[in-house]
Amino acid sequence: QVQLVESGGGLVQPGGSLRLSCAASGRTFAGDVMGWFRQAPGKEREFVAAINWRMITTYYADSLKERFTISRDSAKNTVFLQMSSLKPEDTAIYYCATDHYERFGTKQAMGVGGLYRFWGQGTQVTVSS
């Protein structure tokens, strides 16, 4: 059974930084895509970033790519999301998700939440002064 556990969320002031982690367990992830999504109160889930574990391909939401960076530690089955220059509108629950790379026919498909079958419980990020 796949398990994803996010951590690293919290309260940060505008302009600050946070690094989120997502630890995966339950099976090998050598061929998987891992993505970050977020959902703010009253809004739909939004794609943030994704990384193809095998090919080391990254994909970002256009509006976030200048401030957010996704990376991974293969040895620890962990994916990170480094967030900088945070804004109040970045306040949301951040979720990581994963599935096998064969479910994603294109790079852009990595941004489609419906293609991921496995999700974590989320970690709250609040940007406020």
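Residue numbers count from 1 along this sequence. Computation of the quantities below employed the complete heavy-atom set of this structure, encompassing side-chain atoms and omitting hydrogens, waters and symmetry-equivalent molecules. Here the structure is a predicted model, which means the values were calculated and not measured.
- No continuous path of hydrophobic side-chain contacts links Phe118 to Phe80 [ILVMFWY only; heavy atoms under 4.5 Å].
- Using a 4.5 Å heavy-atom threshold, the side chains of Arg72 and Ser74 count as touching.
- Put simply, the side chain of Tyr60 never gets that close to the backbone of Glu66: no donor and acceptor are under 3.5 Å apart.
- Contact annotation: the side chain of Phe68 approaches that of Asp90 to within less than 4.5 Å [non-hydrogen atoms, C-beta and beyond].
- Scanning all heavy atoms of the two residues, the minimum distance from Ala109 to Leu115 falls at O-CD1, 3.5 Å.
- Smallest separation of non-hydrogen atoms from Met34 and Val79: SD-CG2, 3.3 Å.
- Checked by atom type, the side-chain pair Arg19/Ser21 shows no donor-acceptor distance below 3.5 Å.
- Cluster annotation: Leu64 is connected to Leu86 through the hydrophobic network of ILVMFWY side chains, with a link wherever side-chain heavy atoms come within less than 4.5 Å.
- Between Gly114 and Arg45, the closest heavy-atom pair is N-NH2, 3.9 Å.
- Arg117 meets the salt bridge (charged side-chain N to carboxylate O under 4.0 Å, His left out) test with Asp99; sequence neighbours excluded.
- Here the side chains of Phe37 and Tyr116 are in contact, with some heavy-atom distance below 4.5 Å.
- A donor-acceptor contact shorter than 3.5 Å is absent between the side chain of Thr58 and the backbone of Ile51.
- Taking the side chain as every heavy atom from C-beta outward, Glu6 and Tyr94 never approach each other to under 4.5 Å.
- Going from atom CG of Leu18 over to atom OG of Ser84 covers 10.5 Å, rounded to the nearest 0.5 Å.
- Open room surrounds CD on Gln121; 12 or fewer heavy atoms of other groups in view lie less than 6.0 Å from it.
- The shortest non-hydrogen separation linking Met110 to Val33 is CG-CG1, 3.9 Å.
- Hydrophobic cluster membership is shared by Phe47 and Tyr101, with clusters built from Ile, Leu, Val, Met, Phe, Trp and Tyr side chains linked at under 4.5 angstrom.
- Counting only heavy atoms from C-beta outward, the side chains of Met83 and Val12 never approach each other to under 4.5 Å.
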For residues 122-129, which side-chain donor-acceptor pairs fall under 3.5 Å, sequence neighbours excluded?
from, atom 1, to, atom 2, distance (Å)
Thr123, OG1, Gly9, N, 3.2
Gln124, NE2, Ala92, O, 3.4
Gln124, NE2, Thr126, OG1, 3.4

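- Here the OH atom belonging to Tyr59 is positioned 9.0 Å from the NZ atom belonging to Lys65, to the nearest 0.5 angstrom.
- Here the closest non-hydrogen pair linking Gly113 and Trp119 is O-CZ2, 3.4 Å.
- Counting heavy atoms from C-beta on, the side chains of Arg38 and Leu20 never come closer than 4.5 Å.
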